[in-house]
Amino acid sequence: MERALLVTIEFKQDKEKWRMEDSAAELEELVSACSVEAVDNISCSCDKPTPNFLIGKGKAEELSLIAQEENADTIIFSHDLSGTQQRNLEELIGKKTIDRTQLILDIFARRAKSPEGKLQVELAQLQYLMPRLVGKGILLSRLGGGIGTRGPGEQKLEVDRRRIRKRIDSLKVDLKGLMLHRTVMRKKRKENALPAIALVGYTSSGKSTLLNALTNAGQTVSASPFTTLDPLSKNTQLPNGENVVISDTVGFLRDLPHQLIEAFKATLEEVVQADLLIHVLDASHPYVYEHNKAVCALLEELGIEDKPMITALNKIDLLDDKMWLEKLKRDFPRPVTLSAKFRINLDILLTEIQENFSGRMLQVEVLIPHSRMDIIDLFYRQGKVESIKYLQEGVKVKVNLPKILYHNLLQNKEIG
């Protein structure tokens, strides 16, 4: 197992910063997702970044000694390193040196399973690497960018700027094609009058568990960060019979690297195009307010901070302090307290979703010819059949239907 020395840095000039212990804990969590042993976590407070080493040269020399004593293989910094800083630190310390963004990219490379996910990760890796190239013909010995130098792009070890740009352009074209495919799928859903709901939230907040609880999706669940990279969409039915599509999306993180946001635009498009967001928060987490702030910042960056949203205060089964829960309910918009794991209050969440789409459903009573049983099947799939009577002249059905579906059937003269 690879051994890593962690370096958590706090710069006094940072306007919005977490407490150093919070940043250190998050860095350790990210490292654990790479199956790496953290031999120590060194805290370092500085006035401002230095151009040569990010931190002072004296502190860098101290890290070199600690790394030797702890027999560390890698030094991992909590802040991003420029190409010059990374090269200078490696020359001084004599160890492989990476930053937080490279660490996250490595986790994504490990998690990527689908062709789309691998394309997105490779694009993010190359976009991160481009500004760090110094000179022509440089040896790109760690294009994978992370702990194990793994991931898409691993085979491109000696490439120059021109070839990287060409590959980036090619990846963007491929991802644009995937985005068009998703657009077609969303268009079909809208034609079928299916409202789209996206689960958003900080990584490990319980989004996948909630999707499974609502739709029996069978999505992989793990406490490790970034388990879900590829969006998964599943249908479920609201209490009034209306069908909706719920999509699980990649977990958010504070200061999520810009390269990942750009590369995962195709995935995040599910969030942008959703009719409703369900913001899943881990109510038991001590930094729940900080997690909320990080998610809201990313939603603002995507330009969808004003989209209708329900706050799902998850993991209440882990909370003993009812006063704390009441405070959370006061502080967050449209709160629903629940436990996705134990399926507590899911009915309340579904009712809240239903109220969000109130006015979309219409109760009608129609006579369907015996030859059009396919329409009755459609009623069962897309609505809620209240009663059905088989008569000599046809089938009389009382049903709750989405208005748009009913009007489409009338327009196409499928029903009279």
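Position 1 is the first residue of the sequence; numbering continues from there. Source: prediction; values computed, not measured.
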Answer yes if the side chains of [X] and [Y] hold a donor-acceptor pair under 3.5 Å, and no otherwise.
X: E10; Y: S23; result: no
X: D80; Y: T101; result: yes
X: Q86; Y: Q102; result: yes
X: Y128; Y: D99; result: yes
X: Y289; Y: D331; result: yes
X: N400; Y: E386; result: yes

Report task. Before giving the answer on side-chain contact (heavy atoms from CB on, under 4.5 Å), spell out for L5 and I42 the whole-Å C-alpha distance, their side-chain angles and the decisive distance to 0.1 Å. Result -> CA-CA 8 Å; L5 175 64; I42 306 299; 3.8 Å; yes

Can you confirm whether [X] sits close enough to [Y] that some side-chain heavy atom of one is under 4.5 Å from a side-chain heavy atom of the other?
X: V36; Y: V31; value: yes
X: L277; Y: L299; value: yes
X: S247; Y: K234; value: no
X: T311; Y: V336; value: no
X: Q363; Y: V399; value: no
X: D174; Y: S170; value: yes
X: L123; Y: I168; value: yes
X: T215; Y: N235; value: no

Side-chain donor or acceptor of [X] paired with backbone N/O of [Y] under 3.5 Å:
X: R110; Y: C34; answer: yes
X: S78; Y: I9; answer: yes
X: R3; Y: N71; answer: yes
X: K307; Y: A274; answer: yes
X: K389; Y: V395; answer: no
X: R343; Y: A213; answer: yes
X: E352; Y: I310; answer: no

Testing the basics here: between [X] and [Y], what is the closest heavy-atom pair and its distance to 0.1 Å?
X: N243; Y: P195; value: O-CD, 3.2 Å
X: T249; Y: L199; value: OG1-O, 2.6 Å
X: N41; Y: A24; value: ND2-O, 3.3 Å
X: M1; Y: S35; value: CG-O, 3.3 Å
X: V280; Y: G206; value: CG1-C, 4.2 Å
X: N314; Y: S339; value: OD1-CA, 3.6 Å

Requested in this report: Please lay out, stage by stage, how K384 and E242 fare under the test salt bridge (Lys or Arg N to Asp or Glu O under 4.0 Å).
Outcome: CA-CA 7 Å; K384 185 175 184 179; E242 183 173 15; over 6 Å; no

Requested in this report: Using the side-chain contact (heavy atoms from CB on, under 4.5 Å) rule, take M309 and R334 through it: C-alpha gap first, then chi angles, then the decisive distance, then the call.
Outcome: CA-CA 7 Å; M309 183 168 66; R334 298 180 65 183; over 6 Å; no

Flag yes if more than 12 heavy atoms outside [X] fall under 6.0 Å of its [atom1] atom; otherwise flag no.
X: K398; atom1: NZ; result: no
X: E91; atom1: CD; result: yes
X: D377; atom1: CG; result: yes
X: K95; atom1: NZ; result: yes

Query raised in the report: side-chain contact (heavy atoms from CB on, under 4.5 Å) between D40 and L6: does it pass, once the steps are laid out?
Result: CA-CA 6 Å; D40 202 353; L6 313 186; over 6 Å; no

Could you grab the distance from atom [atom1] of [X] to atom [atom2] of [Y], nearest 0.5 Å is fine?
X: R162; Y: R167; atom1: CZ; atom2: CZ; value: 14.5 Å
X: F53; Y: L92; atom1: CZ; atom2: CG; value: 5.0 Å
X: L319; Y: W324; atom1: CG; atom2: CH2; value: 9.0 Å
X: Q85; Y: E90; atom1: CD; atom2: CD; value: 12.5 Å
X: L214; Y: D248; atom1: CG; atom2: CG; value: 10.5 Å
X: T337; Y: I348; atom1: OG1; atom2: CD1; value: 6.0 Å

Query raised in the report: Would you call R165 and D169 a salt bridge, taking side-chain N to carboxylate O under 4.0 Å as the test?
Result: no

Query raised in the report: Should E26 and R100 count as an ion pair when the cut-off is N to O under 4.0 Å?
Result: yes

Query raised in the report: Can K96 and E2 be said to form a side-chain contact (heavy atoms from CB on, under 4.5 Å), step by step?
Result: CA-CA 11 Å; K96 180 170 67 176; E2 197 160 353; 3.2 Å; yes

Query - Intermediate values then yes/no, side-chain hydrogen bond (donor to acceptor under 3.5 Å, both in side chains), N52 and T50 - result: CA-CA 6 Å; N52 292 331; T50 64; over 6 Å; no

Query - Trace of the side-chain hydrogen bond (donor to acceptor under 3.5 Å, both in side chains) decision for Y287 with D22 - result: CA-CA 8 Å; Y287 310 131; D22 300 344; 2.5 Å; yes

Query raised in the report: Can we call the ring centroids of F11 and H79 under 6.0 Å apart?
Result: yes

Requested in this report: Could you tell me if the ring centre of Y406 sits under 6.0 Å from that of F379?
Outcome: no

Report task. List the steps and the verdict of salt bridge (Lys or Arg N to Asp or Glu O under 4.0 Å) for K57 and E62. Result -> CA-CA 9 Å; K57 185 177 180 181; E62 180 185 337; over 6 Å; no

Report task. Test D47 against K12 for salt bridge (Lys or Arg N to Asp or Glu O under 4.0 Å), laying out the working first. Result -> CA-CA 5 Å; D47 290 333; K12 295 178 181 178; 3.5 Å; yes

